[in-house]
Asks: 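This is the structure, below, for whatever I ask next.
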Number of protein chains: 2
Amino acid sequence: MIQSLDRGLEILFILAEHKSRGVTELAEDLKVNKSTVFRLLDTMKERDLVQQDEVTAKYRLGIGLLHISEGLVKNLDAINISKPTLKQLMDSTKESAHLCTFTNDKVYVVDQVKSNYPMKVSAAIGHEEPIHCSSVGKCILAYLPEEKRNKILDGVRFVAYTEKTKTSKEALVEELKQIRKNGYALDDEELSVGVCCIAAPIYNHKGEVKNCIGISGPSARIHMENIDSYINKLKIAANNISHNMGYRYTK
Amino acid sequence: MIQSLDRGLEILFILAEHKSRGVTELAEDLKVNKSTVFRLLDTMKERDLVQQDEVTAKYRLGIGLLHISEGLVKNLDAINISKPTLKQLMDSTKESAHLCTFTNDKVYVVDQVKSNYPMKVSAAIGHEEPIHCSSVGKCILAYLPEEKRNKILDGVRFVAYTEKTKTSKEALVEELKQIRKNGYALDDEELSVGVCCIAAPIYNHKGEVKNCIGISGPSARIHMENIDSYINKLKIAANNISHNMGYRYTK
DNA sequence: AACAGCGTTGCATAATACGCAATAAAGGAG
DNA sequence: CTCCTTTATTGCGTATTATGCAACGCTGTT
């Protein structure tokens, strides 16, 4: 660990808590000499990570941070982070893998790694998935905050896509409970005859679920007898992505 | 200047530009030994400012940055004070509204309320705007104290972003005079073809202009025939924010 | 199987960050 | 107005510490 860098970073964290703090105060916080703190602040000031109040001469966080964290947000997007894992998931399951996102109260497919099988499921990037009968829709819905979930539930139109589509709100509410308990959501020919999908939630650094991943394949290949091995691989992949998004289970 | 801290910070800035970068690459960027970069990354990893991709072993920015920059945003008075008005401005004009700040002789975008139109202007938070041909740059420049203004003017590089960009110092000086007279600054496709922006100054309690707000939209929607209504709404919003910042016109 | 590239680690040295003490400047108390 | 305290800032010598070198283990490729 590099001491001076670490001390500089600690100053940033301290400044994040206090809207303004002086050299002497910070020196006491870090238990180091004033001059050390001064020089640390000085180099961070050069890069606009901290700025000095013109009146009080104390220091506060600077604009440069916005520049950096904007770069983070741009690159922390779920797509970039999940891409390798998604590919790996397709490799190990041989079925198409998808990443979905919840935006404007709807669930969309935002990325896909297609299966190499001649017969495969291929979703359209940008396609909206029904909330009530797709694995990804139900998965996201299950993990929304209760209030939001109820609001969405009230607006659901229970279109029956197949004979297996469940069209009662009560049944869906019950199933969401199961999903939270099991950690995955299932769509066994509810949306499309002959297609079976499984989805698992992605947690972001705040512990929110705004994304999920899923695998989809012909029910001739994915069926109730062998589904556990798919679920396992899916969950591992989802956990991996959550971790890379900054989610830490123990707080 | 403290070398190791500075190098660590430089890594953060580099990572803000590249979505992921390896130890060796960064060592070449900084022209230092790999081991040095590794140890710098290691100490930043401890604080979640960078994270390592589990698949490629390369590094990218980490969520710790969000924690710090949330602290910044929380404490940046201008952002908090102007947020509601900015939102209102977007509602009434239907175009994206921005807040900018003048720090270290440069103009940065620090907040944004995006338009709901499918076609809209979206600036990057933390992005630096050119002084000589952006509405916000010219606006801030126009209201700087004369001495400061001249100093900045001497350092301007008159890059021509479009065919409409004005590249003479004399023309700019003249325009700044107009801006002060009119109370707003205009960028009609000078920075980006097809984009029209208008900016107005924010006064703080000392009567200084360190911020400005602006609206930006496609020149198909904002053009010279209807611009007066935009200017009106913009000025009202700017005055409102100035007032909330403690500015009292009678001194 | 050999190689090339990567991230990682141990080690010795010299660069460099550190604490001390002095300075300057600003604010408050009498 | 003056003294006194407290602040940020700077020079300097020393010893800590960050650094480059070189070797290691690993992965993937040829």
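Here is how names work: the chains are called A, B, and so on, in the same order as the sequence lines, proteins then strands, and each is numbered from 1.
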Asks: Reading DNA chain C in the 5' to 3' direction, which nucleotide is the first one with an atom under 4.0 Å from a heavy atom of chain A, and which is the last?
Replies: C:dA17 to C:dC20
Asks: If the threshold is 4.0 Å, N to carboxylate O, is there a salt bridge linking B:Lys83 and B:Asp111?
Replies: yes
Asks: Quick check on B:Glu46: does its CD atom have over 12 non-hydrogen neighbours (other residues, nucleotides or ligands) under 6.0 Å away?
Replies: no
Asks: Rounded to 10°, tell me the angle between the two end axes of the helix from C:dA1-D:dT30 to C:dG30-D:dC1, each built from five pairs.
Replies: 40°
Asks: Answer with yes or no whether the side chains of A:Thr43 and A:Arg39 bring together a donor and an acceptor at under 3.5 Å.
Replies: no
Asks: Produce a footprint string for nucleotides 15-30 of chain D: one letter per nucleotide, 5' end first; B if the base is under 4.0 Å from any protein heavy atom, S if only the sugar-phosphate is, - if neither.
Replies: --SSBBB---------
Asks: What class does the angle between the rings of B:Tyr203 and B:Tyr143 fall in, given that below 30° is parallel, 30 to 60° is tilted and above 60° is perpendicular?
Replies: perpendicular
Asks: Could you point out which residue of A:Lys58, A:Arg60, A:Lys45 forms a side chain to side chain donor-acceptor pair (under 3.5 Å) with A:Gln52?
Replies: A:Lys45
Asks: Determine, step by step, whether A:Asp187 and A:Lys138 satisfy the salt bridge (Lys or Arg N to Asp or Glu O under 4.0 Å) criterion, reporting the C-alpha distance in whole Å, the side-chain angles of both residues, the deciding distance to 0.1 Å, and the verdict.
Replies: CA-CA 9 Å; A:Asp187 151 28; A:Lys138 289 188 285 188; 5.8 Å; no
Asks: State, with a plain yes or no, whether a side-chain heavy atom of A:Val209 is found less than 4.5 Å away from one of A:Leu144.
Replies: no
Asks: Look at A:Tyr59 and D:dT9 and indicate whether a side-chain polar atom (N or O) is within less than 4.0 Å of OP1 or OP2.
Replies: yes
Asks: Can you name the closest pair of heavy atoms from A:Phe38 and A:Val23 and give their distance?
Replies: N-CG1, 4.2 Å
Asks: Say whether, by atom type as modelled, one donor and one acceptor occur between the side chain of B:Arg21 and the main chain of B:Leu15 under 3.5 angstrom.
Replies: no
Asks: Which heavy-atom pair separates B:Leu49 from B:Gly64 by the least distance, and what is that distance?
Replies: CD2-C, 3.7 Å
